Amino acid sequence: MTCKNPECGKHIEKRKSAKRCYCNDRCKNRAAYIRRMENWYEVDAHNKVLKTNYSILLKLKNFNLGPISIQTLQSHGFEFTATHKDVVANYNGQTKTVSRLYDIYYVIENKHLIFKD
Ligand SMILES: [Zn+2]
C-alpha cells in the first residue's frame, strides 16, 4: 500500500499493524493537517458565497419590490448553488418550509423569490 499522506505517496511495507497507513508520524500529522486545511477552505468559500448572497438579498429587500425574479437575482450575482438553511415556519396557522439566510427568510415560487418576515 501507499502512504496516505498526499504529499508523500511512498510505498509502505505491510508490517505488524494492518491499520498502518503512513510511513511515520510526520506523514500522519501532515496528512491530518492537509485534510483540515481543505475542510476549512471549503467552509470559508461557502461562507463567502453566503455573504455575497446575503448582501444581494438585503439590498433587494430594502427596495421593497415584492417578488423578485430569479433572472434579476442572477444578474445581481446571486448564487443558487449555495444551499441555504431550510426552516419550517408558521404563517397564519399554516406551516411552510422557508429558506433562511442569516436573518432573511424567503421562499421561491414560480421562479420568483418572495421575502417572508
Ligand atoms: Zn509518507
Side-chain angles (χ1 to χ4, degrees):
M1 66 184 300
T2 42
C3 174
K4 290 249 171 92
N5 172 8
E7 293 177 349
C8 173
K10 272 183 198 153
H11 182 77
I12 308 169
E13 297 291 330
K14 262 196 185 160
R15 291 193 196 165
K16 285 169 201 166
S17 167
K19 280 183 184 170
R20 199 178 141 98
C21 302
Y22 306 93
C23 356
N24 51 39
D25 280 350
R26 240 191 79 205
C27 272
K28 193 179 170 184
N29 292 335
R30 183 68 192 160
Y33 174 80
I34 290 166
R35 246 192 336 266
R36 243 181 355 254
M37 285 298 113
E38 280 171 354
N39 288 340
W40 271 115
Y41 178 76
E42 278 164 27
V43 168
D44 202 47
H46 185 66
N47 280 339
K48 266 181 203 154
V49 173
L50 291 183
K51 274 179 196 155
T52 306
N53 279 355
Y54 181 75
S55 62
I56 293 163
L57 286 189
L58 197 64
K59 198 169 69 185
L60 292 170
K61 195 173 190 240
N62 290 335
F63 287 146
N64 277 317
L65 302 168
I68 299 156
S69 75
I70 282 175
Q71 231 175 358
T72 303
L73 285 164
Q74 280 170 336
S75 73
H76 279 85
F78 192 87
E79 199 66 71
F80 281 96
T81 50
T83 48
H84 303 160
K85 250 195 192 121
D86 282 340
V87 291
V88 176
N90 200 322
Y91 291 104
N92 309 318
Q94 275 189 317
T95 51
K96 217 169 185 182
T97 304
V98 296
S99 297
R100 182 185 155 210
L101 182 57
Y102 304 115
D103 61 343
I104 295 179
Y105 296 83
Y106 65 89
V107 290
I108 290 180
E109 278 169 12
N110 301 322
K111 293 186 176 175
H112 282 74
L113 184 144
I114 302 154
F115 291 112
K116 295 282 178 187
D117 293 317

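Read the numbers this way: they start at 1 and go in the same order the structure lists the ligands and their atoms. Residues take their numbers from the sequence shown, with the count starting at 1. What you are looking at is a predicted structure, and each value in this text was computed from that prediction instead of being measured.
There is no path of hydrophobic side-chain contacts, each under 4.5 Å, that joins Leu101 to Ile114. By the criterion of side-chain heavy atoms lying less than 4.5 angstrom apart, applied directly or through intervening Ile, Leu, Val, Met, Phe, Trp or Tyr residues, Phe80 is grouped together with Tyr54 in one hydrophobic cluster. Leu65 and Val107 are not part of a single hydrophobic cluster, where members link through side-chain heavy atoms under 4.5 Å apart. Leu60 is not connected to Val49 by any chain of hydrophobic side-chain contacts under 4.5 Å among Ile, Leu, Val, Met, Phe, Trp and Tyr, and they are in different clusters. Tyr106 and Phe63 fall within the same hydrophobic cluster, defined by Ile, Leu, Val, Met, Phe, Trp and Tyr side-chain heavy atoms under 4.5 Å apart, directly or through other members.
A donor-acceptor contact shorter than 3.5 Å links the side chain of Asn29 to the backbone of Asp25.
At a cut-off of 2.8 Å, measuring from the Zn ion (ligand 1), the protein N, O or S atoms that fall short of it are Cys3 SG, Cys8 SG, Cys23 SG, Cys27 SG, waters left aside.
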